[in-house]
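One structure is given below, encoded as structure tokens.
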Amino acid sequence: MRSLFLNAPKPANRAAMSQMQTIHAAFTQKVDAVLAALEAEGTLPPDCPRGNVTVEPPRDPSHGDLATNAAMVLAKQAKTNPRELAGKIIEKLSADPIVTSAEIAGPGFINLRLSDETWLAELRAIADLGADYGKSAMGGGKTVNVEYVSANPTGPMHMGHCRGAVVGDALASLLEFSGHKVIREYYVNDAGAQVDVLARSAHLRYREALGEDIGAIPEGLYPGDYLVPVGKALADEFGDSYAGTPESEWLSLFKARASGAMMDMIRDDLALLGICHDVFSSEVELQAAGKPEKAEEWLRSKDLVYDGMLEAPKGKTLDDWEPVELPLFRSTRFGDDQDRPIKKSDGSWTYFGADLAYHFQKSQDADALVDIWGADHSGTVKRIKAAVAAMTGDAGSPIPFEVKLVQMVQLLRGGEPVKMSKRSGTFVTLADVVREVGKDVVRFTMLTRKPEAQMDFDFAKVVETSRDNPVFYVQYCHARVRSTIRKAEAEGIAPSPEDLSVLGPEELELIKLAAQFPRIVEAASAAREPHRIAFFLQELAAGFHAYWNLGNDRPEKRFIVVNNVNLSCARLFLAAQIGQLVTNGLALLGVVAVEEM
RNA sequence: GCGCCCGUAGCUCAGUCGGAUAGAGCAUCAGAUUCCUAAUCUGGGGGCCACAGGUUCGAAUCCUGUCGGGCGCACCA
């Protein structure tokens with residue numbers, strides 16, 4: 001039997017290998033070096049900005065493997081025309097042995113083809129790096145705090161929270177993979193008025209558990225059954241000590257117990273999706289530590305908080321509008337439309353007042369902040385960005401801070417909207433959906449649209465096992481790879497990189513597609529858009545399935561070619577690396593690459 | 001009234017830092033199954049990138065305006 005690639009010697013220094021440059025990054029540097037050389041010899045003016053120069057695969061593969069716009073971008077500065085400058089760049093690039101052709105095209109593009117060996121080396125790199133292929137040092141070890149989910153602890157997770165949870169989690173993984181340290185954080189709003197309502201609702205269930213007939217749940221309290229066990233637990237713990245006592249004696253205790261129970265439930269729901277946060281920050285604790293007071297004091301010292309009146313909102317009529325003097329943050333100085341109150345007239349903190357202090361707290365342990373919010377909070381983006389700019393920008397530049405808005409998901413079943421009513425408590429919970437269609441389907445589907453676009457989630461469609469369901473399409477690709485390798489191994493043939501020179505144009509095309517993964521990772525990470533990984537995986541799967549089908553009519557194009565062990569080993573090696581890539585990509589999305597289907 | 005997001009093929013959507021003849025799936029039409037998983041693939045037809053200006057070598061992409069859809073506009077969260 002031939003040597004298995006599984007037994008092949010591993011690179012001596014894996015850490016060094018994982019820093020190894022991918023083909024696109026390496027070639028970008030080569031182009032840059034050529035431009036530097038032209039600058040040195042005076043063809044280009046000194047210190048000429050090269051930021052707009054790109055090196056990327058052309059849209060039309062017939063144009064070559066890579067293309068650069070360098071000549072077009074720099075021609076004006078070089079006081080020449082693009083095609084002439086392109087000629088000079090080509091002269092130098094052609095000297096590189098991995099460049100097999102370089103030509104001027106169109107208005108001044110430079111199209112390049114690289115040697116087959118260069119691409120085969122990239123295929124070996126996938127095998128050598130395995131799960132690390134595609135990793136990037138782009139982040140430079142900077143710490144990014146990603147705050148996502150942060151649902152109020154007043155009930156179970158429902159589908160409204162789901163998309164933000166998945167997008168945030170995939171983004172966190174993506175940032176890690178591209179060289180950042182990531183803090184996955186959840187802000188627990190356990191101090192607001194809604195938690196008072198929760199505590200009163202729990203108190204009702206507590207009395208119920210003690211045997212009292214509570215009748216219908218009054219308007220304004222949470223009617224959901226999920227509070228029944230909370231009431232039971234409170235009854236078990238405290239007996240009837242708080243059954244007839246005034247609210248002031250039990251409210252804070254019941255708030256803590258009930259919100260704690262809700263958070264346990266939410267953690268369980270998130271675990272169903274494979275989501276686990278590093279840090280849960282409590283608003284109650286934030287306030288107990290006096291963080292909002294400190295923020296207010298500091299902002300007042302900078303004249304960024306003052307006592308003033310709010311104007312009545314325009315465009316809608318309020319019956320009970322009364323002007324009141326409140327401490328206001330000067331968010332208008334940072335681009336907001338209106339200054340925003342940090343305290344209510346009863347002296348307690350507004351959501352914003354606490355959130356401002358919370359974001360300052362996060363900024364102390366991170367180099368950049370990302371918040372994932374539902375689109376229904378879009379109106380408050382400006383004020384929080386203003387707050388972060390004010391509180392972190394005093395001594396230089398403010399901490400980079402982005403708010404990513406995730407649009408709503410409409411639930412459908414066979415094209416018909418699923419009816420939900422918050423009032424009666426009959427909303428579709430996350431747990432229900434995961435139980436019905438599975439974690440992988442939920443996660444992948446949530447990432448098949450860009451987050452800022454609205455999407456439909458149709459129970460009937462997401463479980464279809466067909467081409468129009470991207471989850472299955474991608475997973476099927478991996479399952480096919482694995483089953484082929486299993487079959488081959490049963491016949492005594494295993495993937496091997498020993499002689500890859502037998503691979504032809506179709507295989508090289510697939511390798512070139514696969515080799516784009518590292519730059520897709522970097523682009524997706526830079527744009528904070530994990531859905532790009534999902535789209536790349538669909539493209540990769542399509543390429544693999546197309547290649548596979550060459551073998552339908554032509555047995556000599558199959559992975560396992562009768563009486564040609566050499567070719568079979570090389571093709572199986574290719575298949576194994578496509579499988580590896582699918583595994584790596586799916587891992588970023590938190591989806592399992594299945595062995596068989 | 002104001003702010004944010006969206007507008008790309010009949011439908012659902014991609015489109016990288018502004019780049020070459022704007023892509024994919026579905027649907028539709030024409031084909032492929034003695035096959036390593038056809039849960040797949042090949043090909044055809046289908047476009048005023050909402051509209052109008054602007055910026056430049058070049059715009060679906062950037063800027064301004066208009067129209068259409070969604071979300072938001074309390075001391076709520």
Side-chain angles (χ1 to χ4, degrees), chain A residues 51-54 56-60 63 67 69 72-73 75-76 81-82 105-109 111 150 152 154 189 192-195 310 312-316 318 320-322 324 326 336-338 340-346 348-353 355 374-382 405 407-408 448-450 452-456 461 464-470 472-473 475-477 479-481 483-488 491 519-520 522-524 526-527 529 531-532 535 538-539 542 544-555 558-561 568 571-572 575 596-597:
Chain A
N52 291 329
V53 174
T54 61
E56 54 191 22
R59 196 163 15 190
D60 183 346
H63 288 145
N69 62 355
M72 290 187 293
V73 174
K76 196 175 268 184
N81 70 68
F109 284 101
N111 290 337
S150 298
N152 290 337
T154 55
N189 301 126
Q194 292 190 6
V195 183
L310 280 178
K314 287 169 184 154
K316 72 194 268 189
L318 292 178
D320 55 349
W321 176 260
E322 281 175 31
V324 183
L326 293 168
D336 201 0
D337 318 304
Q338 196 182 347
R340 305 291 175 177
I342 60 171
K343 273 184 181 173
K344 306 177 203 171
S345 51
D346 67 1
S348 66
W349 297 101
T350 61
Y351 180 87
F352 173 63
D355 204 24
D376 51 340
H377 290 77
S378 64
T380 63
V381 171
K382 280 185 179 177
L405 295 176
Q407 280 287 348
M408 296 296 137
T448 53
R449 292 226 186 330
K450 54 182 176 185
E452 64 270 28
Q454 288 142 260
M455 80 180 292
D456 292 342
K461 282 191 181 160
E464 261 176 38
T465 56
S466 69
R467 176 72 173 95
D468 33 331
N469 187 348
F472 281 86
Y473 190 71
Q475 288 194 319
Y476 181 45
C477 170
R480 246 183 175 172
V481 167
S483 82
T484 306
I485 290 173
R486 279 195 300 273
K487 183 179 167 93
E491 295 176 19
R519 53 183 292 278
I520 300 285
E522 292 197 344
E529 291 184 351
H531 74 276
R532 295 192 194 191
F535 281 94
Q538 293 181 63
E539 210 178 315
F544 178 82
H545 289 310
Y547 176 78
W548 174 282
N549 280 277
L550 294 175
N552 283 340
D553 300 330
R554 299 145 71 190
R558 290 175 193 165
F559 283 97
I560 302 169
V561 183
S568 300
R571 284 192 182 154
L572 287 166
E596 55 190 335
M597 298 175 72

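Everything numeric in this text was worked out from a predicted model, so none of it was measured. Hydrogens, waters and symmetry mates are skipped; everything else that's a heavy atom, side chains included, is used. By convention in this document, chain letters (A, B, ...) are assigned in the order of the sequence lines, proteins followed by strands, and residues within each chain are numbered from 1.
In this structure, of B/rA77, B/rC75, B/rA14, it is B/rA14 that holds the atom nearest to the side chain of A/Ala453. Counting only heavy atoms from C-beta on, A/Leu310 has its side chain closest to B/rC75 among B/rU40, B/rC75, B/rA39. Counting only heavy atoms from C-beta on, A/Val73 has its side chain closest to B/rG19 among B/rC5, B/rG3, B/rG19. Candidate nucleotides B/rC36, B/rC41, B/rG19 were compared by shortest atom distance to the side chain of A/Asn549, and B/rC41 ranks first. When each of B/rG3, B/rU40, B/rG15 is scored by its nearest atom to the side-chain atoms of A/His545, the top-ranked nucleotide is B/rU40. Distances were taken from every side-chain heavy atom of A/Lys382 (C-beta onward) to each of B/rG3, B/rC36, B/rG72; the shortest belongs to B/rG3. Taking every side-chain heavy atom of A/Lys344 into account, B/rC75 is the closest of B/rC75, B/rC5, B/rU37.
Residue-level contact check: A/Arg519 touches the bases, meaning some heavy atom is under 4.0 Å from a base atom. Looking at heavy-atom distances under 4.0 Å, A/Ala546 makes contact with sugar-phosphate atoms alone, never a base. A/Asp376 comes within 4.0 angstrom of the backbone, heavy atoms only, and of no base. A/Gln538 comes within contact range of no nucleotide atom at all, as no heavy-atom separation falls under 4.0 Å. When heavy atoms are screened at a 4.0 angstrom cut-off, A/Ala479 is found touching base atoms of the nucleic acid. Base engagement by A/Asn69 is indicated by at least one non-hydrogen atom pair under 4.0 Å involving a base atom. Within 4.0 Å (heavy atoms only), A/Tyr473 reaches sugar-phosphate atoms of the nucleic acid but no base atom. Across all strands, A/Ala527 comes closer than 4.0 Å to no nucleic acid atom at all (heavy-atom distances). As judged by a 4.0 angstrom heavy-atom cut-off over every strand, A/Phe535 is placed among residues touching the sugar-phosphate backbone only. Within 4.0 Å of A/Pro470, counting heavy atoms only, lies no atom of the nucleic acid at all. At the heavy-atom level, A/Thr380 lies under 4.0 Å from base atoms of the strands shown.
The partner of B/rU40, taking Watson-Crick or G-U wobble pairs whose two distances both stay under 3.5 Å, is B/rA32.
Nucleotides B/rU40 and B/rC57 place their P atoms 48 Å apart, quoted to the nearest Å. Taking atom P in both B/rA52 and B/rC41, one finds a spacing of 38 Å when rounded to whole Å. The separation of B/rU28 from B/rC63, taken at their P atoms, amounts to 40 Å, rounded to a whole angstrom. Rounded to a whole angstrom, the distance from the P atom of B/rA60 to that of B/rA22 is 9 Å. For B/rG23 and B/rG15, the C1' atoms lie 7 Å apart once the distance is rounded to whole Å. To the nearest whole angstrom, the two C1' atoms, one in B/rU55 and one in B/rA14, are 27 Å apart.
Straight-line distance from the CZ atom of A/Arg340 to the P atom of B/rG72: 15 Å, rounded to whole Å. Separating the CD atom of A/Glu539 from the P atom of B/rG15 is a distance of 11 Å, rounded to the nearest angstrom. The distance from atom CG of A/Leu405 to atom P of B/rG72 is 12 Å, rounded to the nearest whole Å. Going from atom CZ of A/Phe544 over to atom P of B/rU37 covers 10 Å, rounded to whole Å.
Residue A/Ile520 is the one, among A/Lys343 and A/Ile520, whose nearest nucleotide of RNA chain B lies closer to the 5' end (criterion: closest heavy atom). For A/Asp337 and A/Ala375, each mapped to the nucleotide of RNA chain B holding its nearest heavy atom, the one lying further toward the 5' end belongs to A/Asp337.
From A/Leu405, atom CG reaches atom NE2 of A/His377 across 10.5 Å, with rounding to the nearest 0.5 Å.
At the phosphate of B/rG7, OP1 or OP2 sits under 4.0 Å from a side-chain N or O atom of A/Lys450. Close to B/rC13, at under 4.0 Å from its OP1 or OP2, lies a side-chain N or O of A/Arg449. A sub-4.0 Å separation between OP1 or OP2 of B/rA38 and a side-chain N or O of A/Arg480 is present. Regarding contacts with the backbone of B/rU37, a side-chain N or O of A/Ser483 is found under 4.0 angstrom from either OP1 or OP2. Taking only side-chain nitrogens and oxygens, A/Trp548 never comes nearer than 4.0 Å to OP1 or OP2 of B/rC35.
Stacking of the aromatic ring of A/His377 onto the base of B/rG72 is not found under the criterion of centres within 5.5 Å and planes under 30°.
If you check distances only, the side chain of A/Ser345 does reach the base of B/rC75 with a donor-acceptor pair under 3.5 Å.
A/Ala67 and A/Pro58 make their closest contact through N-CD, 4.0 Å (heavy atoms, listed as atom of the first residue, atom of the second, distance). The nearest pair of heavy atoms linking A/Ala375 to A/Met408 is N-CE, 3.9 Å. Between A/Asp336 and A/Lys382, the shortest heavy-atom contact is OD1-CB, 3.5 Å. Of all the heavy atoms in A/Phe559 and A/Ala575, the pair that sits closest is CE2-CB, 3.5 Å.
Taking the centre of each ring, A/Tyr476 and A/Phe544 stay at or above the 6.0 Å mark.
Without hydrogens or angle criteria, A/Arg532 side chain to A/Ile520 main chain gives no donor-acceptor distance under 3.5 Å. Listed for the A/Ser568 side chain is a donor-acceptor partner under 3.5 Å among the backbone atoms of A/Val561.
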